[in-house]
Amino acid sequence: MLSHVISSELKTTFISVIQQINEVMAREAGKPAVRFNNSYLTYQELSQQSDKLCNHLISQGVGRGDAVTVCMEKSIYTVLSILAIWKIGAVYAPIDSQFPSQRIAHILTDTKANYMITTTAKASKMRNIVDGLDCINIDSPVWQNNDGLYTKANLASEHLAYILYTSGSTGKPKGVMVTHGNLISITNSWKQQYNLTSKDVHLQMANFTFDVFIGDVVRSLCVGSTLVLCPKNVLIEPKQLYELMYKESITIAEFVPTIVRGLVEYVTKNHKQLDFMRLMICGSDNWSMGEYRNFKKLLGAHTQLISSYGLTEATIDSTYYEENRRSDVVLTDEQAVPIGKPFSNTTVYILNKELQPVATGEMGEIYLAGSGISKGYLNLPKLTNQRFILHEIDHKELRLYKTGDLGRYLHDGNIEFLGRVDNQVKIHGVRIELSGIENMLNTHPSVRESMVIVHNFSEDNQRLIALVVTEKNIHIASDDLKNFMREKLPSYMIPSIFILQSKIPTTLSGKLDRKFLENIPAQSLHVAPRNHLEEELVKMWETVLCITHIGVLDSFDAIGGDSMLFTKLIHAVEIKYEIDFPAVALKHCVTIADIAEVISSFSNQ
């Protein structure tokens, strides 16, 4: 019986990530540290610039333990800002300017952050959201005049490194508090498992508000490698992405499956290889063993292909999987890639409802233990105590994180992911609490109750669908509900389809029937193109989003689109139909029907 897997423990003296990076900056002074587009900073320049920003922050009153928010487009300045914050001993808290104002206000209030590193263009918007916010404009020369030595923070392992916000069941995001001890633990584990060296060149692709971004930064800078930031427009174009990887001689990169699929298709069709890579990591979402093996064929014999699993609450990564052809466990191409075995300093337990270990092959809930387990949720002690529990196993009291994920041990020691115990889902690589969307939707004055579910239109096309019961069964237009939600939630949490119901479907036992839509044909859940123009636009959307079965009333952002893809789409529309798309109409054009109406208005002029 295999009840848990205990990985090797790395016993090291605590040296914080920023202390390690400071030592590297002195040692690798002339080497490029961070590159973005045609610009770069050497380690010496990165050290000098981060010192100046650090001094400026201190002069503004920032001290150890203070939360400092960062709100800007991803750039070299983002990395520089993180280092400056850590040098003081302050806490990094990223904010995406595309977040709804209510979400931004909640993060600023929750963290008690009085300071934000941002740009001149974004500063006025941020000050309008929260009065008294002190904005340090990174594109202003003011901070660059702060020369001199700063007083190095005396950091301990329990001091916070960053606070990242994830989806919450109440509709409000919850802040996960990650310490310097948590961060250095996984950093040392990566060093060991991935054999990280200063010769590597890392490609950074994740949004800076995700913990994978922090992982990319520390994996690279802690060993003196070069970090290449991938522009958003390049990330969504497989040809440009491959060319960037080849040109920059990238050796290490972490992908999500959707990006891998596009890259594999391009490389295969154009008879190219990725054999210049030393390490490829894929995480944040499920993918199949068939996809894993097809990707492996494009890599060199020496290239490691790793599938990683992790949660923000357990500091980025907890387990990893690499196929071993000599294993007794044979996985078919159709099976999902296992989440694997734990990194050093991590222990994985699979427990039943009585919190007792299960036998190999039996399903249970995945619990994580080790030095990567975070402090919990900021200002949410009750939720922290529910998810971070003290429990005795093998006569030893442990602090466990209750993941909510189901899994089982395979006979070779790898762990297979089997789904969720609750109604948390993952859409486009982002974990979402369905109850959080429901609770926010229920605050609409005309909504009595609602249920949000996920429907799979195809392998790469999952969408959120809301079933809504209104007060006195009055009619509410889907656009009205979407506009209401946009003021409160990020775009990826807004359902693409709203269905009015007389009552919410339940099972025979009276529970919410979240499988209600499984037996409903996908055709009945979308509106097909009604004319030639809408047919053409559907094809354009399918090309840009790399998915099929798009309805003319589907919201662009709800089915995987983002601002960069939308810009690309509108540019294509302008070229094809020879129009200058009016800027005032852009924020109202979220569906194919909306865009078709604008194009038709030009034809009628």
Side-chain angles (χ1 to χ4, degrees), residues 5 7 186 189-196 202-206 210-213 215-216 219 245 250-265 267 274 277-312 314-327 329-344 346 348 350 366 368 372 403 405-420 426-431 459-460 462:
V5 174
S7 63
I186 186 59
S189 297
W190 284 326
K191 285 182 182 180
Q192 179 196 57
Q193 185 60 43
Y194 296 157
N195 191 27
L196 301 178
H202 297 247
L203 182 65
Q204 194 290 310
M205 290 176 278
F210 293 131
D211 58 1
V212 176
F213 178 88
D216 289 331
R219 270 198 299 250
M245 293 171 67
I250 300 297
T251 62
I252 297 177
E254 179 161 358
F255 297 84
V256 293
T258 51
I259 300 298
V260 165
R261 291 173 186 129
L263 184 63
V264 167
E265 183 180 3
V267 171
L274 291 163
M277 298 291 299
R278 187 178 73 76
L279 172 64
M280 299 286 271
I281 307 165
C282 186
S284 300
D285 213 341
N286 294 330
W287 57 319
S288 70
M289 285 303 303
E291 291 177 309
Y292 178 101
R293 288 161 183 156
N294 287 336
F295 196 15
K296 182 71 174 174
K297 292 174 185 175
L298 303 174
L299 306 175
H302 66 287
T303 309
Q304 273 188 286
L305 178 56
I306 299 291
S307 184
S308 64
Y309 164 86
L311 302 100
T312 304
T315 315
I316 311 173
D317 283 344
S318 295
T319 66
Y320 66 96
Y321 173 81
E322 184 174 16
E323 185 174 28
N324 179 2
R325 291 289 188 175
R326 292 170 292 182
S327 171
V329 177
V330 179
L331 299 173
T332 66
D333 284 350
E334 291 73 29
Q335 286 182 272
V337 178
I339 63 175
K341 300 176 181 179
F343 281 97
S344 299
T346 298
V348 179
I350 300 181
I366 298 172
L368 301 174
T403 68
D405 290 337
L406 295 171
R408 66 173 179 172
Y409 282 108
L410 302 176
H411 290 281
D412 60 358
N414 282 301
I415 301 165
E416 181 181 16
F417 175 79
L418 297 174
R420 292 285 302 174
K426 193 174 257 192
I427 301 287
H428 309 303
V430 181
R431 287 181 182 261
E459 182 182 3
D460 284 334
Q462 289 182 308

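Along the sequence shown, the residues carry numbers beginning at 1.
Taking both residues in full, the closest heavy atoms of His411 and Val329 are given as N-CG2, 3.9 Å, listed atom of the first, atom of the second, then distance. Between Leu305 and Glu322, the closest heavy-atom pair is O-CG, 3.7 Å. Closest non-hydrogen pair, Ile281 versus Ser308, comes out as CG2-OG, 3.7 Å. Between Ile366 and Thr403, the shortest heavy-atom contact is O-OG1, 2.6 Å. Closest approach of Met277 and Ala253 over heavy atoms only: CE-N, 3.8 Å. Nearest heavy atom pair, residue Trp287 against residue Cys282, reads CZ2-CB, 3.5 Å.
Relative ring orientation between Phe295 and Phe255 is described as perpendicular, the plane-to-plane angle rising above 60° on a 0-90° scale split at 30° and 60°.
Applying side-chain contact (heavy atoms from CB on, under 4.5 Å) to Trp190 and the options Ile252, Asp317, Asn195 leaves one that passes, Asp317.
Note: Thr251 OG1 to Met280 CE = 11.0 Å, rounded to the nearest 0.5 Å. The distance from atom CZ of Phe417 to atom OG1 of Thr319, rounded to the nearest 0.5 Å, is 11.0 Å. Interatomic distance, NZ of Lys296 versus OG1 of Thr303, reported as 6.5 Å (0.5 Å rounding). Here His302 contributes atom NE2 and Arg278 contributes atom CZ; the two are 8.5 Å apart, rounded to the nearest 0.5 Å. Atoms CZ and CD1, from Phe343 and Ile186 in turn, are 5.0 Å apart once rounded to the nearest 0.5 Å. For the atom pair Lys341 NZ and Gln193 CD, the distance stands at 10.5 Å (nearest 0.5 Å).
A distance-only check finds a donor-acceptor pair linking the side chain of Ser189 to the backbone of Ser344 [under 3.5 Å].
Taking the side-chain hydrogen bond (donor to acceptor under 3.5 Å, both in side chains) definition, one finds that Asp216 meets it with Gln204, Arg219, sequence neighbours left out. Partners of Ala314 under the side-chain contact (heavy atoms from CB on, under 4.5 Å) rule, at least two apart in sequence or in another chain, are Ser318, Leu368, Ile373. Qualifying ring-ring contact (aromatic ring centres under 6.0 Å, His included) partners for Tyr309, counting only residues two or more places apart in sequence or in other chains: none. Applying the side-chain contact (heavy atoms from CB on, under 4.5 Å) test to Thr312 and every residue at least two apart in sequence or in another chain returns Leu164, Thr166, Val176, Asp211. By the side-chain contact (heavy atoms from CB on, under 4.5 Å) test, Tyr321 pairs with Met289, Tyr292, Ser307, Glu323, Leu331, Val337, Pro338, Asn414, sequence neighbours left out. Listed by chain and residue number, Leu410, Glu416, Leu418 satisfy the side-chain contact (heavy atoms from CB on, under 4.5 Å) test with Arg408 (two or more places apart in sequence, or in another chain).
Contact check for Asp405 versus Ile339: no side-chain heavy atoms found under the 4.5 Å cut-off. At a threshold of 4.5 Å between non-hydrogen side-chain atoms, the residues Leu196 and His202 count as touching. When side chains are defined from C-beta on, Asp412 does not count as touching Asn324, because their heavy atoms never get closer than 4.5 Å. Here the side chains of Glu291 and Asn294 are not in contact, with every heavy-atom distance at 4.5 Å or above. A 4.5 Å side-chain heavy-atom check between Val348 and Ile415 finds at least one atom pair inside the cut-off.
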